[in-house]
Amino acid sequence: MFGGLRERLQSARALLSGSIEAAAAAPPSEKPDAPAASRSAAPEPQVRPPAKKTATFASKVRTFVIDRELIITEKELADALYELEMTLLESDVALPVTDAIIAHVKKDLVGKHRRIGQSVDSLVVSTLRSALLGVLGEGFDLITYIKNHERPVKILFTGVNGTGKTTTVAKVGDFLKKQGFTVVIGAGDTYRAGAIEQIEVHAERTGIKIIQHQQGADPSAVLFDAVQYAVSHKMDVILADTAGRFHTKANLMSQLEKIRRVMKPDLVVYVDEAIAGNDAVVRAAEFDRTVGADAVVLTKADMDSRGGAAISIAHTIGKPLMFLGTGQGYDDIVPFSPEAVVEELLGDA
Amino acid sequence: MDQRELLTLEHYLKQYGQQAEIFASQLELMENGRMEALAAVEALQGISDADDGTVLLQIGGGASVRVKVLEPDKVLLNIGADVIVERTNKDAVEFLKDRIIEMEASEKKVVETLDRLRTQMNEIAKRIEQGYQQTVQAERGAQAAMGDQDE
């Protein structure tokens, strides 16, 4: 997951570290071995430690940077920051998000008197870490939400065609069932040929109750029935599947509006695929503007090497990521954890 | 195998088929993107090699015109996130080649998923076939038994 971005971030990280080390080594006036000078002025110049002369440049720089206070100028980091900016943009990280990350890194590193007190690489990694966490948001903890919410919790899944909405509904259903919740699925995609059969197979395989009508039926009616079933059977969660649609299709969007009016969902979840990159971010923003969204699920994250959508979506539309789809099996869905994504990206640090 | 089990298997097969279709169309999109990038690399190299910057520009319908590229070493490139930057010809080619490698890696993953789906589809199809044969044999057996009784 996000392998390409990870590799690029490693290079950007090395460049930032190199720039700071170079900045630290540059001013000749501040010598790292200043105490040695005062020692030489002392009346008893006895033993001179020869080890200092044999120290490598790298170790010298390292001690130098760790031990002293350092002012890093924007100019000294300009090249490294430019490379970081290119790295993020080339990975399809949206421009406002890239700007936010760069601003965070700049604010953290530039212009301050700082006693580093740690290795340069750790400093860079912790800066990148906090910059990424700043844009990734906190994620959406569905389990906690359900536990703290009046039952049944009604969740409506929306999104464009072919991004894996129906499969996501099945995966989330399976996930919630394994967490001990009772789940019913409303087969609200009555438009696409085979959609009802598809969700029926998923429901059968995962052992989840499904409420369905015939193809072509009014999806609002199906989902209303699903809500009624859940209420009368005291179930915890209703997962409402809907037909894929583009926000530009007025008739389908008004149908979605009707579903919202009838079903009164507690959560509207927008589903898109991570590999769509910036397109997914733009579409999510459009959907949020037209129908609203409370959280986002990104599918096919395992096939996405760039990671741009996952990094950008929460910051761009201001709505948290809920899950990442990572494969074909029902278990291949992970609750979105910003810390885990940052760990994946900054790896060994 | 009873009729209900056969029906379920047919549903599975259909579902896998739909998934395979989605991945196949995704693969096609990726392949188109890769071919486009390869064509761009070739064009950029052609522009760079042209002595006075004159190249043939295809305008469709098999027609081409000679055009002179004003700044053959300046390329406006969409690097991602809909951001366009100016790069030198060489840097643009390098960028596109990296992107091609990335696309090939992504394509490989999609192909692997498709292969897995196809293997599963073949297994289901085999089981359906066996089920049908069992049903046919059972029907024939029943008919033969009926015939024996008639005699």
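Note on naming: letters A, B, ... go to the chains in the order of the sequence lines (proteins, then strands), and numbering restarts at 1 for each one. On a predicted model such as this, the values are computed, not experimentally measured, just so you know.
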Query raised in the report: Which one, A:E200, A:Q198, A:R205, A:M86, leads in non-hydrogen pairs under 4.5 Å with chain B?
Result: A:R205
Query raised in the report: When rounded to the nearest 0.5 angstrom, what is the spacing between OG1 in A:T167 and CD in B:Q18?
Result: 9.5 Å
Query raised in the report: What's the spacing between B:S106 OG and A:R306 CZ if we round to 0.5 Å?
Result: 8.0 Å
Requested in this report: Sort A:L88 into side chain, backbone, both or neither according to what part of it lies under 4.5 angstrom from a heavy atom of chain B.
Outcome: neither
Query raised in the report: To the nearest 0.5 Å, how far apart are CE in A:M303 and OG1 in B:T113?
Result: 3.5 Å
Query raised in the report: Can you tell me how far CZ of B:F23 sits from NZ of A:K300, rounded to the nearest 0.5 angstrom?
Result: 5.5 Å
Query raised in the report: Taking all non-hydrogen atoms of both residues, which atom of B:A81 and which atom of A:A94 are closest, and how far apart?
Result: CB-CA, 4.0 Å
Report task. Write out, in numerical order, the residues from residues 118-141 of chain B with a heavy atom short of 4.5 Å from a heavy atom in chain A. Result -> none
Query raised in the report: Which answer fits A:Q328, side chain, backbone, both or neither, if we ask what part of it has an atom under 4.5 Å from a heavy atom of chain B?
Result: side chain
**Report entry** From A:I196 atom CD1 to B:H11 atom NE2, the distance as rounded to the nearest 0.5 Å
**Finding:** 11.0 Å
Report task. Count the heavy atoms belonging to other residues, nucleotides or ligands that lie under 6.0 Å from CD of B:E42, then report whether that count exceeds 12. Result -> no
Query raised in the report: Do other residues, nucleotides or ligands put more than 12 heavy atoms under 6.0 Å from the CD atom of B:E36?
Result: no
Query raised in the report: Side chain, backbone, both or neither: which part of A:D302 has a non-hydrogen atom closer than 4.5 Å to chain B?
Result: backbone
Requested in this report: Identify which part of A:N278 has an atom lying under 4.5 Å from any heavy atom of chain B, answering side chain, backbone, both or neither.
Outcome: side chain
Query raised in the report: When you look at OH of A:Y191, are more than 12 heavy atoms from neighbouring residues, nucleotides or ligands closer to it than 6.0 Å?
Result: no
Report task. Return the option, out of B:I22, B:I79, B:T8, B:D82, with the maximum number of heavy-atom pairs under 4.5 Å with chain A. Result -> B:I79
Query - Heavy-atom pair count under 4.5 Å with chain A, highest-scoring of B:K109, B:R116, B:Q26, B:K14 - result: B:Q26
